[in-house]
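Shown next, in structure tokens, is the structure this report addresses.
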Amino acid sequence: MSPHAFSLPSPSTLFRLRPLAASVAMVWAAAAHAQAQTPALSSWDTALPAPQLKSSSQLAEQLPAELRDQLPSHIRAEQISGQADINVVLEGGAELRRGDTIIRADRVEYSLPDDTVRAQGNVHINSGGNIYQGTSLKLQVDAFQGDFNEATYQFLATQGHGDAERIEFLDRENSVVHQATYTTCLRDDSASWEPDWMIRAKRITLDRNEDVGVAYGGILEFKGVPILPIPAISFPLSDKRKSGLLPPTIGVDSVSGFEYSQPYYWNIAPNRDATITPAIMSKRGVSLNTEFRYLEPNYDGNLDLQYMPNDKLRDRDRWGYHWRHDTALNSPFGALGLKWNLLRVSDNDYWRDFSRLPGDSSDSRYSDQRLLSSDGRLSWAGGNHRVSLYAQQWQVLQDPEALIAPPFNRMPQLQWSYDTTQWATQGWDVALRADTTRFEADTWYGAKNLANGQRSFAHFAASRPFLLPGGFVTPSVKLQANHYQLSASQTQLDAVNSGYARSRSFAIPTLSLDSGLVFERDTSAFGRSYVQTLEPRAFYTYTPYRDQSMVPLYDTALTDFNFGSIYSSNSYTGYDRIADNNMVTVGLTTRYLDPDDGAEVARLGFAQRYRLENQRVSLGYDKPGTKGWSDILIGGGVNWSKRWSTDAMVQYNQDTHNTTRSSVSGRYSPGPYKVLSAAYRYQRENSMPMVNEGSEQIDLGWQWPLNQGRKDQFGQATGGGRWYSVGRLNYSMYDKKLVDAIVGFEYDSCCWIGRVVVERVQNSRTDSNTRLLFQIEFVGFSRLSLGADPMRSLKEFVPGYRPLRSSDGTVPSRFSNYD
């Protein structure tokens with residue numbers, strides 16, 4: 001036998017092969033020498049230190065390029081032969097492993113000088129979790145360049161896979177697949193298996209660095225039927241951003257007719273991108289939507305533009321824009337900030353005629369966005385001081401059937417505040433603020449509003465919480481001083497009997513005392529142990545009466561009567577009205593807590609106010625509180641289990657023995673993609689002007705599987721072949737009609753998802769719109785939609801809805817597919 005050749009027939013032979021530099025013989029000899037020098041187990045010195053684990057680059061998700069040349073190779077086979085420093089031949093269960101790459105075949109020949117592997121018969125490659133299998137392979141291992149014939153492939157990140165006549169490896173990140181197929185449908189063991197969808201292409205280039213695949217000369221097949229020719233199309237190999245055409249939207253609408261939109265995504269730079277969406281509507285014309293986003297170290301923002309020339313529906317040009325910008329700078333003089341949020345549309349009917357407003361990701365016909373705000377803020381912060389200059393202007397989209405009084409614009413607002421954090425460390429909560437604002441608004445008919453003017457105020461508040469074992473006491477004091485100077489003369493104000501004074505000032509103090517106790521005890525119910533709390537609370541507040549009827553309402557409204565506001569010192573939001581209050585609020589809450597983790601299992605509470613004097617301050621359209629007891633609030637909730645939860649609230653008037661308002665809701669969610677919700681809401685009709693009329697509504701929402709779907713070999717549902725029903729119904733018992741509704745079905749076939757959704761949206765009291773939405777999603781490839789995107793509506797309006805096949809975005813580890 002040649003001194004440079006050897007043969008080892010033992011099937012258990014396993015040793016290390018150093019690439020390029022070290023010969024097999026040298027490594028084998030070194031291993032034998034090491035074994036001869038190793039003492040027997042019984043002779044080991046027990047005093048030797050215990051072995052320590054060390055971190056290894058072999059366990060990294062991505063091996064550094066500079067380490068690849070230094071990594072050893074491991075080989076195994078039933079028979080190994082070769083020449084030192086020249087080549088190695090492995091036969092029978094041959095295996096070569098280096099770093100994150102492993103090659104298996106019936107026969108492997110490895111040439112050391114050029115680091116090339118030639119493999120024949122049942123060739124298997126695992127490269128970082130990506131699997132390739134074929135009949136014959138020629139590959140430079142480190143460079144990962146070569147050819148693989150009659151191969152199949154599967155990618156770890158997306159589980160996308162396919163067959164190929166030949167795979168050409170350009171490097172570790174790039175390859176070209178010839179006469180190929182691609183799909184994300186999971187293969188089963190049956191000989192007749194065919195994917196539900198796949199791409200057939202003459203050539204597919206795969207760029208793992210950019211995670212982009214491009215198919216040339218192909219066709220998209222669904223259920224064996226060609227549905228879309230593909231001269232050239234790119235598709236994602238992950239969720240990474242890339243430039244290219246996005247799935248088109250095709251729809252038929254009673255207002256717009258046939259509609260086709262084709263978005264294009266432009267990945268300009270890592271910190272900039274744009275989405276350009278031209279569209280054509282058969283009844284209206286063409287439109288163009290453009291969204292541009294940018295992100296820099298000191299500023300970021302997005303610009304959304306919508307333009308439709310000569311809309312046949314309204315016989316005019318239609319446009320809208322939204323520009324949000326945020327800048328933060330550190331300077332020697334302090335921190336500077338500049339923000340603006342500009343939103344405008346061309347006309348009052350824009351919210352009716354377009355599926356969304358600029359900058360709005362939700363459907364505007366649901367959200368009824370008719371008050372559009374444009375605002376900007378310039379701020380400075382230095383030491384304990386904060387100063388900001390703010391301006392805001394409203395655009396009101398009027399509906400003749402439901403007119404909206406235009407809000408006041410702030411033109412501008414100058415505000416100062418003082419940071420009192422250092423006082424909080426001493427147990428005090430202190431707030432200091434001063435503000436002066438110019439308010440302007442037009443009437444509905446364009447005339448000048450006589451209430452336009454300047455409001456200035458100073459606000460001071462201080463409280464000192466005293467925390468006691470099992471309780472707390474918090475006294476507080478507030479002082480609000482306001483000054484008003486209206487633009488109109490007193491003669492003009494008196495001429496229209498406005499009731500306003502041209503110049504008016506007042507200062508109003510408020511004293512309050514909040515207190516409460518917390519008792520605990522161990523208890524049991526329904527065979528389970530709990531910690532039960534009993535939490536009585538008493539809140540007293542006093543504000544003297546000051547006449548405020550001579551000044552306008554700029555930013556003030558009545559607060560909702562609930563468990564949060566009942567313990568507040570003012571019945572109004574904003575700074576134009578401070579209610580005169582001399583009242584006590586008492587309440588009692590009991591909770592059942594899990595003794596192991598403190599989670600709230602059940603809660604029941606009530607609260608009620610008692611006024612010692614009649615309230616005299618009002619907004620002019622509300623009913624001031626009267627001496628005596630207020631309505632009673634009773635509310636509670638029970639988390640029966642991790643699946644079941646219910647909540648309820650009742651507002652009861654003990655004088656009339658009527659329920660003023662009530663709501664009951666419940667949710668059942670036993671698992672993923674399984675949720676049922678129901679709610680009943682009632683509010684007694686109120687005859688006061690400018691207050692919402694009574695209502696009584698029932699709201700139902702759900703996402704629920706209709707069948708078990710396919711099962712695996714262990715009898716567990718895999719999700720494939722499963723039908724789901726999803727929807728939400730809102731019925732007004734007061735009007736005896738369905739207000740809003742969305743009902744649909746989803747089908748999950750593992751590698752594709754189908755959705756059919758019907759939605760009815762109430763645009764006004766007499767007008768509604770019904771749309772049919774259809775979408776097919778090829779998982780890991782693309783979506784095709786008929787009409788607007790149904791997923792946006794489902795996520796927005798179905799409580800607890802979860803998109804099928806949703807994930808947390810985590811990329812699978814290469815060790816999850818480790819050989």
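Residue numbers start at 1 and run along the sequence shown.
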| message | Using modelled atom types and a 3.5 Å cut-off, is there a donor and acceptor pairing between side-chain atoms of R504 and backbone atoms of V551? | response | no
| query | If we only count heavy atoms from C-beta on, is the L450 to L486 side-chain gap below 4.5 Å? | reply | no
| field | Side-chain donor-acceptor contact under 3.5 Å, R681 with Q697 | value | no
| Side-chain (T420) to main-chain (V430) donor-acceptor, under 3.5 angstrom | yes
| query | Mind checking whether Y731 and K736 have side chains closer than 4.5 Å, heavy atoms only? | reply | yes
| note | Here the pair of heavy atoms bringing W323 nearest to N302 is CD1-O, 3.3 Å
| field | Close side-chain approach of E440 to Q393, heavy-atom, < 4.5 Å | value | no
| task | Would you verify whether the NZ or CZ of R464 falls within 45 degrees of the ring axis of F466 while also being under 6.0 Å from that six-membered ring's centre? | result | yes
| task | Could you give me the CA-CA distance, side-chain angles and deciding distance for V387 and L414, then say whether side chain to side chain contact (heavy atoms under 4.5 Å, CB included) is met? | result | CA-CA 8 Å; V387 178; L414 180 62; 4.2 Å; yes
| said: Could you tell me if the side chain of W704 sits less than 4.5 Å from the side chain of Y668, heavy atoms only? | reply: yes
| said: Can a side-chain donor-acceptor contact be found between T646 and W640 if the only test is distance below 3.5 angstrom? | reply: yes
| said: Between R577 and D622 (salt bridge meaning N to carboxylate O under 4.0 Å), is one present in this structure? | reply: no
| query | How many angstroms lie between CG in D375 and CZ in R324, if you round to the nearest 0.5 Å? | reply | 12.0 Å
| Is a side-chain N or O of Q615 found less than 3.5 angstrom from the main chain of N581, in a donor-acceptor match? | no
| query | Just by distance, do the side chain of R537 and the backbone of G516 share a donor-acceptor pair under 3.5 Å? | reply | no
| said: Given D435, which partner from the list H459, R455, Q413 fulfils the side chain to side chain donor-acceptor pair (under 3.5 Å) test? | reply: Q413
| request: Look at the side chain of T533 and the backbone N and O of E535, then say whether any donor-acceptor pair between them is shorter than 3.5 Å. | output: no
| query | Is there a donor-acceptor contact under 3.5 Å linking the side chains of S793 and E759? | reply | yes
| said: Does either side chain, that of Q480 or that of N482, offer a donor lying less than 3.5 Å from an acceptor on the other one? | reply: yes
| message | Checking E613 now: which residues fulfil salt bridge (charged side-chain N to carboxylate O under 4.0 Å, His left out) with it, not counting sequence neighbours? | response | none
| Qualifying residue for side chain to side chain donor-acceptor pair (under 3.5 Å) with S512, from S569, S476, S568 | S476
| task | Please examine the side chains of M411 and F439, heavy atoms only from C-beta on, and report whether any two atoms are closer than 4.5 Å. | result | no
| task | In sequence, state the C-alpha distance, the side-chain angles, and the governing distance for D647 and R603, and then conclude on side chain to side chain contact (heavy atoms under 4.5 Å, CB included). | result | CA-CA 9 Å; D647 285 282; R603 177 190 73 260; 3.4 Å; yes
| message | Can a donor-acceptor pair be found, under 3.5 Å and without considering hydrogens, that links the side chain of S665 to the backbone of A678? | response | no
| query | Considering only heavy atoms from C-beta outward, does the side chain of T510 approach that of T541 to under 4.5 Å? | reply | yes
| message | I need the I742 CD1 to L794 CG distance, nearest 0.5 Å. | response | 4.5 Å
| Are any of the side-chain heavy atoms of Y652 and S662 separated by less than 4.5 Å? | no
| query | Should S373 and Q392 count as side-chain neighbours, where that means a heavy-atom distance under 4.5 Å? | reply | yes
| Roughly how far, to the nearest 0.5 Å, is the OG1 atom of T589 from the CG atom of L604? | 8.0 Å
| field | Side-chain donor or acceptor of T573 paired with backbone N/O of T559 under 3.5 Å | value | no
| message | What verdict does the side chain to side chain contact (heavy atoms under 4.5 Å, CB included) test give for V586 and Y610, after you've listed the backbone C-alpha separation in whole Å, the side-chain angles of each residue and the deciding distance to 0.1 Å? | response | CA-CA 8 Å; V586 293; Y610 182 80; over 6 Å; no
| Does a donor on one side chain sit under 3.5 Å from an acceptor on the other, for Q485 and S503? | yes
| query | Under 3.5 Å, side chain of Q651 to main-chain N/O of R661, donor-acceptor pair present? | reply | no
| field | Salt bridge D399-R352, side-chain N to carboxylate O under 4.0 Å | value | yes
| field | Test item: N730 side-chain N/O and D740 main-chain N/O as donor-acceptor pair under 3.5 Å | value | no
| said: Any side-chain to backbone donor/acceptor pair from D547 onto S549? Under 3.5 Å, distance only. | reply: yes
| query | Under 3.5 Å, is there a donor-acceptor pair between the S374 and R344 side chains? | reply | yes
| request: Tell me, with the steps shown, if W702 and L729 meet side chain to side chain contact (heavy atoms under 4.5 Å, CB included). | output: CA-CA 9 Å; W702 69 92; L729 301 176; 4.1 Å; yes
